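Read the structure below first, then the notes.
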Amino acid sequence: MNGTVVEFDDAAGIGRVRDDGPGGVTRFFHCTAIADGTRTIAVGADVTYDVRPGHLGQWEAAAITPRRPA
């Protein structure tokens, strides 16, 4: 899936990514879901990601990877 990081709190290590598809679903993620292991990501970053079942039955973003310019 493709999306944009719309929120990230470095201190808490949590954020949200909004899907680029119809409806623009926003999904929570924890810093451990960032694929390169950096534990931080910039707000506004264009990313690809997967979804997985998370806490309390909510879907979460996983395997978050910044999209590289072509």
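Everything numeric here is computed off the predicted structure, so don't read it as measured data.
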For residues 26-34, which side-chain donor-acceptor pairs fall under 3.5 Å, sequence neighbours excluded?
| from | atom 1 | to | atom 2 | distance (Å) |
| --- | --- | --- | --- | --- |
| His30 | ND1 | Thr32 | N | 3.2 |
| His30 | ND1 | Thr32 | OG1 | 3.0 |

Next item on the list: Walk me through it: do Asp19 and Tyr49 pass the test side-chain hydrogen bond (donor to acceptor under 3.5 Å, both in side chains)?
Entry: CA-CA 9 Å; Asp19 188 70; Tyr49 66 97; 3.0 Å; yes

Notebook entry, point to check: Val5 and Trp59: same hydrophobic cluster, using ILVMFWY side-chain contacts below 4.5 Å?
Noted result: yes

Next item on the list: Mind checking salt bridge (Lys or Arg N to Asp or Glu O under 4.0 Å) for Arg18 and listing every partner two or more places apart, or none if nothing turns up?
Entry: none

Item checked: Side-chain heavy-atom pair Ile41, Val47 within 4.5 angstrom cut-off -> yes

Check: What distance separates Ile64 CD1 from Asp50 CG, expressed to the nearest 0.5 Å?
Finding: 9.5 Å

Item checked: Point-to-point distance, once rounded to the nearest 0.5 Å, from OG1 of Thr48 to CE of Met1 -> 11.0 Å

Item checked: Steps toward salt bridge (charged side-chain N to carboxylate O under 4.0 Å, His left out) verdict (Arg67, Asp20) -> CA-CA 13 Å; Arg67 284 189 268 180; Asp20 287 346; 2.8 Å; yes

Note to self: Treating Thr4 as the side-chain partner and Val6 as the backbone partner, does any N or O pair qualify as donor plus acceptor under 3.5 Å?
What the structure shows: no

